[in-house]
Protein chains: 2
Amino acid sequence: MPPREEGTCEARVVHGAKLAALAPLLPNAEGVQAAAERFRVLGDATRLRMLLALSLSELCVCDLTELLGITQTAASQHLKILRAYGLVRYRKEGRMAFYRLADSSLLGMLSGLRQRAGGREVANGGQSG
Amino acid sequence: MPPREEGTCEARVVHGAKLAALAPLLPNAEGVQAAAERFRVLGDATRLRMLLALSLSELCVCDLTELLGITQTAASQHLKILRAYGLVRYRKEGRMAFYRLADSSLLGMLSGLRQRAGGREVANGGQSG
DNA sequence: TCAATGCATGAGCACATACGCATACATAAC
DNA sequence: GTTATGTATGCGTATGTGCTCATGCATTGA
């Protein structure tokens with residue numbers, strides 16, 4: 001009969017051994033934080049649509065602005081975030097900046113998402129033209 | 001020489017065809033929104049640590065509270081979100097609620113994350129004790 | 001019945017964030 | 001040089017979010 005720990009939850013006694021075994025199996029805080037931040041970057045619909053578009057083709061900011069129906073400011077700010085997390089790269093050509101995916105590991109996820117989330121009615125198949 | 005579209009970005013003319021081809025390949029807004037929301041749920045370090053812990057063992061709220069060093073309220077609120085998105089399930093046993101992963105498709109991602117993000121110094125291997 | 005315990009929920013607050021506006025910067029055209 | 005265009009960046013604001021505190025609910029045990 002172990003003495004109750006100072007806390008209130010009696011389960012600490014019941015599950016104490018399990019917790020002690022689990023704790024060292026969890027990644028350290030920084031690793032989880034980094035992974036969570038990466039997920040959070042993907043957790044915005046506008047950014048996700050940007051990445052989906054860039055998974056299909058290199059595009060300039062103007063293209064993204066029009067394709068996604070957002071303002072140029074919004075596009076530029078989201079691209080800044082995607083750059084900061086190393087998800088996109090860009091090259092400048094004159095006044096224009098052409099962005100493309102930097103992380104090829106995203107390609108699989110994005111193409112899977114395109115298929116699961118549904119590329120509009122493209123599955124239509126054989127049109128007469 | 002096509003007439004300039006009403007907008008200001010000349011690239012619309014240059015890349016117009018490309019954009020027209022790309023648009024139908026992108027998932028509809030709802031699909032992307034749903035995917036983004038799912039990413040956003042994973043985009044919180046506390047929730048991600050919860051899922052990592054639950055990927056190793058079924059745990060009650062009290063266990064999670066202690067294991068992650070958070071308050072019971074915080075744990076409960078995060079679990080509510082994870083429930084709402086169908087990521088965890090739970091069973092009640094007396095006063096306690098035992099949570100476990102509901103989405104087995106997360107298991108692969110989480111175990112991969114545990115290894116990449118580093119399960120503390122478990123890789124230590126043979127300790128003398 | 002009453003108190004204790006485990007969990008859930010609502011209110012309030014501090015902070016983050018996504019957006020629009022204005023503007024700055026860089027390049028191109030004149 | 002000036003002007004126009006494509007992009008980037010401060011700033012303010014509205015909204016979202018994660019936390020704490022207080023409280024409610026359900027179950028257990030006396």
How close or far is atom [atom2] of [N] from atom [atom1] of [X], stated in whole angstroms?
{"X": "A/Met96", "N": "C/dA29", "atom1": "CE", "atom2": "P", "answer": "12 Å"}
{"X": "A/Ile70", "N": "C/dC21", "atom1": "CD1", "atom2": "C1'", "answer": "16 Å"}
{"X": "A/Met50", "N": "D/dT7", "atom1": "CE", "atom2": "P", "answer": "11 Å"}
{"X": "A/Leu82", "N": "C/dT17", "atom1": "CG", "atom2": "P", "answer": "14 Å"}
{"X": "A/Asp44", "N": "D/dT15", "atom1": "CG", "atom2": "C1'", "answer": "13 Å"}
{"X": "B/Arg91", "N": "C/dA8", "atom1": "CZ", "atom2": "C1'", "answer": "19 Å"}
{"X": "B/Leu79", "N": "D/dC19", "atom1": "CG", "atom2": "P", "answer": "12 Å"}
{"X": "A/Phe98", "N": "C/dT27", "atom1": "CZ", "atom2": "C1'", "answer": "14 Å"}

Nearest to the side chain of [X], heavy atoms from C-beta on, is which of [options]?
{"X": "A/Ile81", "options": "C/dA8, C/dA18, D/dT7", "value": "C/dA18"}
{"X": "A/Lys80", "options": "D/dG10, D/dG18, D/dT7", "value": "D/dG10"}
{"X": "B/Val61", "options": "D/dA8, C/dA8, C/dG20", "value": "C/dA8"}

Output the distance between atom [atom1] ([X]) and atom [atom2] ([Y]), rounded to the nearest 0.5 Å.
{"X": "B/Leu64", "Y": "B/His78", "atom1": "CG", "atom2": "NE2", "answer": "11.0 Å"}
{"X": "B/Leu22", "Y": "A/Asp63", "atom1": "CG", "atom2": "CG", "answer": "8.5 Å"}
{"X": "A/Glu66", "Y": "A/Cys60", "atom1": "CD", "atom2": "SG", "answer": "9.5 Å"}

Closest non-hydrogen atom pair, A/Ser55 against A/Leu110: CB-CD1, 3.8 Å
B/Val61 to B/Leu79 - nearest heavy-atom pair and separation: CG2-CD1, 3.8 Å
For nucleotides 13-15 of chain C, tabulate all protein N/O to nucleotide N/O atom pairs closer than 3.5 Å, reporting atom names and distance.
none

Under 4.0 Å between a side-chain N or O of [X] and OP1 or OP2 of [N]?
{"X": "B/His78", "N": "D/dC19", "answer": "yes"}
{"X": "B/Thr46", "N": "D/dC19", "answer": "yes"}
{"X": "A/Thr71", "N": "C/dG20", "answer": "yes"}

Charged tip of B/Arg83 within 45° of B/Tyr90 ring normal and under 6.0 Å: yes
Pairs satisfying salt bridge (Lys or Arg N to Asp or Glu O under 4.0 Å), at least one member in residues 25-47 of chain A, at least two apart: A/Arg38-A/Asp103
Pairs touching residues 50-62 of chain B that satisfy salt bridge (Lys or Arg N to Asp or Glu O under 4.0 Å), sequence neighbours left out: B/Glu58-B/Arg91
Pairs where residues 68-77 of chain B contributes a residue and the test side-chain hydrogen bond (donor to acceptor under 3.5 Å, both in side chains) is met, not counting sequence neighbours: none
Over 12 foreign heavy atoms within 6.0 Å of CZ, A/Phe39: yes
Comparing B/Ala75 and A/Gln77 on DNA chain C - which has the more 5′ nearest nucleotide: B/Ala75
Sugar-phosphate only, base, or nothing, as touched by A/Tyr90 at under 4.0 Å among non-hydrogen atoms: nothing
Sugar-phosphate, base or nothing in reach of A/Tyr99, heavy atoms under 4.0 Å: sugar-phosphate
A/Ser57-A/Arg100 side chain donor-acceptor pair, cut-off 3.5 Å: no
Distances under 3.5 Å only, N/O to N/O: pair up the protein atoms with those of nucleotides 22-30 of chain D.
unit_1	atom_1	unit_2	atom_2	d
D/dA22	N6	B/Thr73	OG1	3.4

Positions of residues 34-43 of chain B (non-hydrogen atom under 4.0 Å from DNA chain D), listed by number: B/Arg40
From B/Leu87, B/Leu101, B/Leu82, residue fulfilling side-chain contact (heavy atoms from CB on, under 4.5 Å) relative to B/Met50: B/Leu82
